[in-house]
2 protein chains.
Amino acid sequence: MKLGSRTTKQKRVILEILQNTDTHPTADWVYQEARQILPDISLGTVYRNLNLLRDLGKIQELNYGSGQSRYDGNPVNHYHFVCEKCKKVLDLDLSVVVDLDEEIREKYGFQVFNHRLEFYGLCKTCQEDD
Amino acid sequence: MKLGSRTTKQKRVILEILQNTDTHPTADWVYQEARQILPDISLGTVYRNLNLLRDLGKIQELNYGSGQSRYDGNPVNHYHFVCEKCKKVLDLDLSVVVDLDEEIREKYGFQVFNHRLEFYGLCKTCQEDD
DNA sequence: TTTATACTGAAATTAATAATCATTATTATT
DNA sequence: AATAATAATGATTATTAATTTCAGTATAAA
């Protein structure tokens, strides 16, 4: 038996929470949500499973600035917009630019696994009320 | 008088250290370097000035994963490659794709200030010794 | 239906960063 | 130059997010 091989209700609930939101929540938000379903779940278990699910490639961990990590239930690469005022992270429907990976491979000889692209600015609602 | 208005030797040394390296160092590395020149400088002062210089737009703070922040003495936008094995952060000489900002502005109505693009993989030396 | 061990909750621990505060140094004003 | 106002400092403490520990529990293989 190896790490991450057993299905537990905690693991299942955490993954479901992430797959049913597009808010790219923090570990603590996931914890609060999980408690609604499993009142005795601990924050440590949430962190443990978030790391596990990330390592298994089922979710993505996002980092913007030096704040806490955010988690994305969509494991497929896509880009994000981060509002600098309300701090919301929004999914962008842009075609992923794969040719850049190739350009770097050729130009520098690096092996490129993936890339991340994020945009920073003000979302629609935050532009209005300023 | 307002915050960040006075020139101190600590501030000058920290900025010079960052401008004379391309290693995108952590706060602690900057601290160790600064102590060679100013033995009594404190880590708190290093953090304070890094935040200040970032807010003044003279340096950039970089975040890859949930580890510690890295700092870039080049305030102009450019892209990075992060080696997942040796953790080195390398500058890339790619033309900045400004048209993407415009595309998002049009498509979503967001005001875009800037964007970040980073590539993850294995650098040349880490590809060899695996 | 026993056995091996992955996973858990609770608590303690770590690591990075920020805040506090009395003192010092810088700049503006006399 | 001397003085005054206050930004910045070093030293220390506090905060925060995240990880680790550990005895007990639950999962799944035998």
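Side-chain atoms are counted along with the backbone in the values below, which use heavy atoms only and exclude waters and symmetry mates. In the text below, chain A, chain B and the rest are named by the order of the sequence lines, each starting its count at 1.
One atom, OH of A:Y31, and another, P of D:dT19, lie 16 Å apart when rounded to the nearest Å. A straight line from CD1 of A:I41 to C1' of C:dC7 spans 11 Å, rounded to a whole angstrom. Atom NZ of B:K11 and atom C1' of C:dA25 are 12 Å apart (whole Å). Protein atom NZ of B:K9 is 11 Å distant from nucleotide atom P of C:dT27, rounded to whole Å. Atom pair B:N63:CG and D:dA18:P shows a separation of 12 Å (rounding to whole Å applied). With rounding to whole Å, B:L38 atom CG is found 16 Å from D:dA8 atom P. Put simply, NZ on A:K2 is 10 Å from P on C:dA6, counting in whole angstrom units. One can place CH2 of B:W29 at 19 Å from C1' of C:dA16, the figure rounded to the nearest angstrom.
Among the nucleotides C:dC7, D:dA7, D:dG10, the one closest to the side chain of A:T8 is C:dC7. Picking from D:dT27, C:dA10, C:dA25 the nucleotide with the shortest atom distance to the side chain of A:S42 gives C:dA10. Of the candidates D:dA7, D:dG10, C:dT17, D:dA7 carries the atom nearest the B:S5 side chain, counting heavy atoms from C-beta on.
Within a 6.0 Å sphere centred on NZ of A:K88, heavy atoms belonging to other residues, nucleotides or ligands number 12 at most. In the displayed structure, A:K107 atom NZ is contacted under 6.0 Å by more than 12 heavy atoms of other residues, nucleotides or ligands.
For C:dG9, one of the phosphate oxygens OP1 or OP2 lies less than 4.0 angstrom from a side-chain nitrogen or oxygen of A:Q10. Taking only side-chain nitrogens and oxygens, A:S69 never comes nearer than 4.0 Å to OP1 or OP2 of D:dA17. One finds a side-chain N or O of B:T45 lying less than 4.0 angstrom from the OP1 or OP2 phosphate oxygen of D:dG10. Within the structure, a side-chain polar atom (N or O) of A:T7 is placed less than 4.0 Å from OP1 or OP2 of D:dA28.
Residues A:F119 and A:F81 keep their aromatic ring centres 6.0 Å or farther apart. Annotation: A:Y120 is not in aromatic contact with A:H80 [ring centroid separation under 6.0 Å not met].
Under a 4.0 Å N-O distance rule, the pair B:R116/A:E118 does not qualify as a salt bridge.
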Can you check nucleotides 18-24 of chain C for protein contacts, nitrogen or oxygen pairs under 3.5 Å, and list what you find?
residue: C:dA18; atom: OP2; partner: B:N51; partner atom: ND2; Å: 2.9

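Counting heavy atoms from C-beta on, the side chains of A:Y71 and A:R54 never come closer than 4.5 Å.
In this model, no donor atom of one side chain and acceptor atom of the other lie less than 3.5 Å apart for B:H78 and B:D93.
Between A:G4 and B:Q68, the residue whose closest nucleotide on DNA chain C is further toward the 5' end is A:G4.
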